[in-house]
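Take a look at the structure set out below.
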Amino acid sequence: MAAHSGVSLSADVGGSESGPAPDPAPGEGWKRPQFGTRYLTDPSQVFQHNAWDNVEWTEDQETAAKHKVLENSQPLPSEKQEFPELAPGRGRKLQTAVDCDGQTVQNHTGSASAQSVSECLDAMTLRKNDFPGSSATYRILEVGCGVGNTVFPILKTNNVPGIFVYCCDFSSTAVELVKSNEEYEPKRCFAFVHDLCNESAVFPVPDESLDIIVLIFVLSAVHPDKMQKSISRLSKLLKPGGMILLRDYGRYDMAQLRFKKGRCLSDNFYVRGDGTRVYFFTQDDLDGIFTSAGLEKVQNLVDRRLQVNRGKQLTMYRVWIQCKYRRPLPQVSGTQD
């Protein structure tokens with residue numbers, strides 16, 4: 001991640017998707033080991049902690065996971081594949097968004113609120129000194145902010161002059177909850193309604209104005225046919241050297257293996273009971289999307305974790321992917337004779 005004075009963004013910022021509930025501290029002065037340092041070397045000790053880092057899967061586990069996915073990959077009938085997110089102008093509908101904890105925010109509402117915000121943004125003239133946060137020296141955008149489980153820790157951690165945070169969500173209810181939070185500061189933050197899948201929707205900032213864009217379990221909710229265009233639009237907002245930070249579901253995550261027959265929309269793309277959808281990525285999937293958007297890889301890794309329910313003596317294998325992709329700096333041409 002590009003260094004910047006006074007700015008701190010942890011890989012686990014956000015909700016509970018970044019890890020399980022912490023173990024009780026054994027005593028005063030005890031410090032939790034950082035991510036990536038707790039390894040399961042003795043299987044008989046599996047229930048001693050809530051989670052283990054960088055767990056290696058056996059060949060049998062990988063084979064069983066692939067078999068489970070193939071078994072449950074019977075496509076849903078086409079007439080059942082409609083999502084409210086893909087028809088934003090159809091009047092009264094159910095708006096659904098996934099927040100950073102993997103929970104859903106739902107509200108039955110008309111399109112008036114989202115439409116009024118969209119009209120306001122459409123009317124803005126995005127000149128150099130004429131947009132929210134235009135005087136900031138470092139700008140961060142979180143897409144799919146939910147109720148603020150990521151944006152508020154960012155604001156709290158980076159309480160220094162010059163930093164401005166933007167956050168948006170498809171759900172107008174979620175955005176209103178962010179704005180009504182006592183930690184929301186209009187001088188440091190701008191929350192707005194935005195549908196990432198809507199190609200005509202505009203952002204309240206000009207191109208090449210953002211240093212960081214954060215996507216926490218968001219891209220997986222976008223239809224695969226719309227992922228590339230969504231990331232390409234976001235990449236244009238980055239300054240040269242600016243980065244997109246992503247954390248999302250990896251192939252064969254526990255959530256994928258739990259889907260039953262009839263929930264698969266297409267390969268590795270499913271619909272939940274509440275109507276939200278989710279895609280499970282490989283590293284190559286994401287690398288192709290980001291590089292096709294003109295970004296260069298800084299990080300693309302698989303975070304395999306073993307979460308443990310000690311009360312029920314259950315083990316749960318999580319597979320997440322964490323990426324950092326940067327907009328290239330301009331090439332400095334040599335002096336001509």
Side chain of R233, backbone of L196: donor and acceptor closer than 3.5 Å? yes
Side-chain (E296) to main-chain (R326) donor-acceptor, under 3.5 angstrom: no
E176 side chain to S180 side chain, donor-acceptor N/O pair below 3.5 angstrom: no
Mind jotting down which residue pairs meet the ring-ring contact (aromatic ring centres under 6.0 Å, His included) criterion with at least one end in residues 283-303? Sequence neighbours excluded, please. F290-Y325
When you check the side-chain N and O atoms of S200 and N198, is any donor under 3.5 Å from an acceptor? yes
Ionic contact status for K156 with E183, cut-off 4.0 Å: no
The reported gap from CG in D287 to CD1 in I321 (rounded to nearest 0.5 angstrom) is 10.5 Å
Answer with yes or no after comparing the ring centroid distance for F217 and Y249 against a 6.0 Å cut-off, counting only values under it. yes
Does a side-chain N-to-carboxylate-O contact under 4.0 Å join D303 and R318? no
Between V193 and F170, does the side chain to side chain contact (heavy atoms under 4.5 Å, CB included) criterion hold? Intermediate values first, please. CA-CA 6 Å; V193 177; F170 175 83; over 6 Å; no
I'd like to know if the side chain of R277 reaches the main chain of Y270, judged simply by a donor and an acceptor atom lying under 3.5 Å from each other, with no hydrogens or angles considered. no
So which pairs with a foot in residues 139-161 pass ring-ring contact (aromatic ring centres under 6.0 Å, His included), sequence neighbours left out? none
For a quick test of reading the model, state the closest non-hydrogen atom pair linking L245 to K324 and the distance between them. CD2-CG, 3.6 Å
T137 side chain vs G162 backbone, donor-acceptor pair below 3.5 Å: yes
Measure the spacing between OG1 of T315 and CE of M254 and express it to the nearest 0.5 Å. 10.5 Å
Straight-line distance of H223 NE2 to C197 SG, nearest 0.5 Å: 9.5 Å
Just verifying a value: how many Å separate Q283 CD and C323 SG, rounded to the nearest 0.5 Å? 7.5 Å
Using a 3.5 Å distance criterion without hydrogens, assess whether the side chain of S292 forms a donor-acceptor pair with backbone atoms of G288. yes
S209 side chain vs V205 backbone, donor-acceptor pair below 3.5 Å: no
Is there a donor-acceptor pair under 3.5 Å between the side chain of R304 and the backbone N or O of V319? no
Any luck finding a side-chain donor-acceptor pair between T282 and D284 under 3.5 Å? no
Could you tell me whether a side-chain N or O of T157 sits under 3.5 Å from a main-chain N or O of I154, the two making a donor and an acceptor? no
Smallest heavy-atom separation, C189 atom then L155 atom, equals CB-CD1, 4.1 Å
Note: D211-K239 ion pair, threshold 4.0 Å (strictly below): yes
Between CG on residue L257 and CE on residue M316, distance to nearest 0.5 Å: 13.5 Å
Given side chain to side chain contact (heavy atoms under 4.5 Å, CB included), test L215 with L234 step by step and report yes or no. CA-CA 11 Å; L215 296 167; L234 289 174; 4.2 Å; yes
To the nearest 0.5 Å, atom CD1 of I212 lies from atom CD1 of I244 at 9.5 Å
Quick one: are I140 and L210 in side-chain contact, heavy atoms under 4.5 Å? no
Which of parallel (below 30°), tilted (30 to 60°) and perpendicular (above 60°) describes F269 and Y279? tilted
Between P153 and G148, the two heavy atoms sitting closest are CD-O, 3.9 Å
Let's go through D169 and S171 carefully: what are the C-alpha distance in whole Å and the side-chain angles of both, what is the deciding distance for side-chain hydrogen bond (donor to acceptor under 3.5 Å, both in side chains) to 0.1 Å, and is it a yes or a no? CA-CA 5 Å; D169 199 278; S171 168; 4.7 Å; no
When you compare the side chain of T173 with that of V175, does any pair of heavy atoms fall below 4.5 Å? no
State, to 0.1 Å, how close V178 and C145 come at their nearest heavy-atom pair, and which atoms those are. CG2-SG, 4.2 Å
N-O pairing of R327 and E208 below 4.0 Å: yes
Can you say whether the rings of F192 and H194 are parallel (under 30°), tilted (30 to 60°) or perpendicular (over 60°)? perpendicular
For the student: nearest non-hydrogen atoms of L219 and D248, plus distance: N-OD2, 3.2 Å
So does S232 get a backbone contact from the side chain of S235, meaning a donor-acceptor N/O pair under 3.5 Å? yes
Shortest non-hydrogen contact between P204 and P132, atoms and distance: O-CD, 3.7 Å
